[in-house]
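Some notes on the structure that comes next.
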Amino acid sequence: PYIESVRQLKWELGNKCLNIHLTYVPYIAAAKEVKTKPTQHSVKELQQAGVQPDVLVLRTERPLSADVRRKVALFCNVAPDAVVQSVDVPIIYEVPLKMEEEGLDEIVLRKLGCPTEPKPDMKQWIYIVDKMKNATKPVKIGLVGKYVELPDAYKSINESLLHASAYNDRKLTLELIHSEKLNAENAMDLLGELDGILIAPGFGNRGIEGKIEAIRFARENDIPCLGICLGMQCMVIEFGRNVLGFADANSTEFDLNTRHNVIDMMEEQKTILNMGGTMRLGAYPCHLEPDSLAYKVYGKDTIKERHRHRYEFNNDYREQYEQAGIKCSGI
């Protein structure tokens, strides 16, 4: 499928299509040398299918010598200056800087017949990479979720926390805490030394009580806490149970018979059985209260954020929640 898509693209775009082939060059420690045969074979497969790479990017654990790169260029029928290396780096955001050092941007522009001047201004990119590498003040954040055993399950959240930490000159230590293993007995051990807690999104009732316990601990111990999607819903449930005294406060996603459905399915979703693409999806205008933290963060009174959900805060309880201290800052 990859080869067919490349051929189709080349046919549609003609000479304005550029094929950059990324390949891995292994280093054999016992022989103390890199092996270029896998790269040669992969390019040969492409050529047999009628695709000739214009640029080769060689992923490698250590710098490649000029001789190795010339050898690859010769056997793969690629211009010597179109063979660039991508050496492993500790921070993924260093990769564009390394690619610029290799001249990949100029190679691409030149092959596409585009001007190579002016040179790119990478000052801001260098600035944030330096902050990521050189921050020394620690900040310890706990991410409470039920998919933490899957490294990429919360990838966008992890990266957002890394960005926020770097911008604030903090070195992030991220603790991944499984909500199924969190309870009142071990909450202090797992959460007591955190600077902040993030309650992650998700679906279904597995691990919900652990999230609610984390929220209770954060509220009672004045630890900054952010709930995203289901995390926010769990915040509402916890507040209902432990502040307003609704012992059975819950979401109808987890308990259809709860007397205090503080989180309920949206009216227009109640007749829809299939989740998938039928969920409320997209960006809707949200109006912020002028004296709220959200307004201070955004600096304006109307925002739009993309979201995907079926359940929401039950407005029948809004007055009780606000009287008790919950602020509905965005409508």
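Heads up: numbering here begins at 1 and tracks the sequence. It should be emphasised that the depicted structure is a prediction, and the values quoted were computed from it without experimental measurement.
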| request: Check step by step if side chain to side chain contact (heavy atoms under 4.5 Å, CB included) holds for Gln47 and Asn77. | output: CA-CA 10 Å; Gln47 291 171 332; Asn77 194 30; 4.0 Å; yes

| request: Could you walk me through whether Arg241 and Glu209 pass the salt bridge (charged side-chain N to carboxylate O under 4.0 Å, His left out) test, one step at a time? | output: CA-CA 12 Å; Arg241 291 180 184 179; Glu209 294 304 320; 3.0 Å; yes

| field | Full working for side chain to side chain contact (heavy atoms under 4.5 Å, CB included) between Leu22 and Arg59 | value | CA-CA 7 Å; Leu22 173 64; Arg59 177 76 182 270; 4.3 Å; yes

| For Lys137 and Asp169, what are the C-alpha separation, side-chain angles and deciding distance, and is it a salt bridge (charged side-chain N to carboxylate O under 4.0 Å, His left out)? | CA-CA 7 Å; Lys137 296 179 182 178; Asp169 294 310; over 6 Å; no

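Thr36 places no side-chain N or O within donor-acceptor distance of the main-chain N or O of Thr39, the cut-off being under 3.5 Å. Of the possible polar contacts, one joining the Tyr154 side chain to the Tyr147 backbone as a donor-acceptor pair under 3.5 Å is found. Distance alone, capped at 3.5 Å, is enough to place a donor-acceptor pair between the His178 side chain and the Glu180 backbone. Of the possible polar contacts, one joining the Lys146 side chain to the Phe203 backbone as a donor-acceptor pair under 3.5 Å is found. In this structure, the side chain of Glu102 engages the main chain of Gln85 through a donor-acceptor pair within 3.5 Å. Using a distance-only test at 3.5 Å, with no hydrogens or angles considered, no donor-acceptor pair links the side chain of Asn168 to the main chain of Arg170. Side-chain N or O atoms of Asn186 include one that pairs as donor or acceptor with a backbone N or O of Lys181 at under 3.5 Å. Not a single donor-acceptor pair under 3.5 Å links the side chain of Asp264 to the backbone N or O of Asn314.
When all heavy atoms are compared, the tightest approach of Ile208 to Phe254 is CD1-CZ, 3.6 Å. Considering all non-hydrogen atoms of both residues, Pro201 and Cys229 come closest at CB-CB, 3.8 Å. Closest heavy-atom contact between Leu46 and Pro53: CD1-CG, 3.9 Å. Shortest non-hydrogen contact noted between Ala73 and Pro80 is CB-CA, 3.7 Å. Listed here is the closest heavy atom pair of Gly204 and Glu253: N-OE2, 3.1 Å. The two residues Phe239 and Arg219 come nearest to each other via the heavy atoms CD1-CD, 4.3 Å.
For the pair Val78 and His21, the minimum side-chain heavy-atom distance is 4.5 Å or more. Considering only heavy atoms from C-beta on, Tyr27 comes within 4.5 Å of Lys32 through its side chain. Taking the side chain as every heavy atom from C-beta outward, Thr173 and Pro138 never approach each other to under 4.5 Å. Side-chain contact between Glu175 and Glu193 is absent, with no heavy atoms from C-beta onward closer than 4.5 Å. Using a 4.5 Å heavy-atom cutoff, the side chains of Met99 and Val95 are in contact. The closest side-chain heavy-atom distance from Tyr317 to Val236 is not below 4.5 Å.
Under the 4.5 angstrom side-chain criterion for Ile, Leu, Val, Met, Phe, Trp and Tyr, the cluster partners of Met188 are Val144, Ile177, Leu182, Leu190, Leu191, Leu194, Ile197, Ile199, Ile215, Phe217, Ile223, Met235. Residues near Val87 contribute nothing to a hydrophobic cluster around it, because no ILVMFWY side-chain heavy atom sits closer than 4.5 Å to its side chain.
Looking at residues two or more places apart in sequence or on another chain, you find no side chain to side chain donor-acceptor pair (under 3.5 Å) involving Arg318. With sequence neighbours excluded, no residue forms a ring pair (Phe, Tyr, Trp, His ring centres under 6.0 Å) with His287. Scored by the side-chain contact (heavy atoms from CB on, under 4.5 Å) test, Ala247 finds no partners at all (sequence neighbours excluded). Residues forming a side-chain contact (heavy atoms from CB on, under 4.5 Å) with Asp255 (at least two apart in sequence, or on another chain): Asn250, Asn257, Thr258. Under the side-chain contact (heavy atoms from CB on, under 4.5 Å) criterion, Lys37 pairs with Gln40, His41, not counting sequence neighbours. Every residue two or more places apart in sequence or in another chain was checked for a side chain to side chain donor-acceptor pair (under 3.5 Å) with Asn315, and none qualifies. Annotation: salt bridge (charged side-chain N to carboxylate O under 4.0 Å, His left out) contacts of Asp195 (sequence neighbours excluded): none.
How far CG of Leu143 is from CG of Asn158: 6.0 Å, rounded to the nearest 0.5 Å. Note that NZ of Lys119 is 7.5 Å distant from CG of Asp105, once rounded to the nearest 0.5 Å. Interatomic distance, OG of Ser65 versus CD of Glu33, reported as 10.5 Å (0.5 Å rounding). Taking CD1 of Ile263 as the start and CD of Gln233 as the end, the distance is 5.0 Å to the nearest 0.5 Å. Here the CG-CG distance, from Asn19 to Asp54, works out to 6.0 Å after rounding to the nearest 0.5 Å. The CD1 atom of Ile331 sits 12.0 Å away from atom OG1 of Thr302, with the distance rounded to the nearest 0.5 Å.
Around atom CG of Leu109, more than 12 heavy atoms belonging to other residues, nucleotides or ligands sit under 6.0 Å away. Around NZ of Lys327, the count of heavy atoms belonging to other residues, nucleotides or ligands within 6.0 Å exceeds 12. Heavy atoms from other residues, nucleotides or ligands lying under 6.0 Å from CG of Asp222 number 12 at most. Within a 6.0 Å sphere centred on OH of Tyr24, other residues, nucleotides and ligands contribute more than 12 heavy atoms. The local environment of NZ in Lys131 is crowded, with over 12 non-hydrogen atoms from other residues, nucleotides or ligands closer than 6.0 Å. A 6.0 Å sphere centred on CD of Glu319 holds no more than 12 heavy atoms belonging to other residues, nucleotides or ligands.
There is no path of hydrophobic side-chain contacts, each under 4.5 Å, that joins Val25 to Leu104. Under the 4.5 Å side-chain heavy-atom criterion for ILVMFWY residues, a single connected hydrophobic cluster contains both Leu198 and Leu172. Neither Val57 nor Val72 shares a network with the other; the hydrophobic side chains, linked directly or stepwise wherever heavy atoms of I, L, V, M, F, W or Y lie under 4.5 Å apart, form separate groups for each. Both Ile92 and Met132 are members of a single hydrophobic cluster when ILVMFWY side chains are connected at heavy-atom separations under 4.5 Å. Cluster annotation: Met232 is connected to Leu244 through the hydrophobic network of ILVMFWY side chains, with a link wherever side-chain heavy atoms come within less than 4.5 Å.
Within the structure, the ring-ring contact (aromatic ring centres under 6.0 Å, His included) test picks out the following pairs touching residues 78-111 (sequence neighbours left out): Tyr93-His163. Pairs engaging residues 54-89 under the ring-ring contact (aromatic ring centres under 6.0 Å, His included) rule: none recorded [sequence neighbours left out]. Pairs passing the ring-ring contact (aromatic ring centres under 6.0 Å, His included) check and including a residue from residues 107-137, sequence neighbours excluded, do not occur.
Here Asp81 does not pair with Lys111 in a salt bridge; the nearest charged N to carboxylate O distance is not below 4.0 Å.
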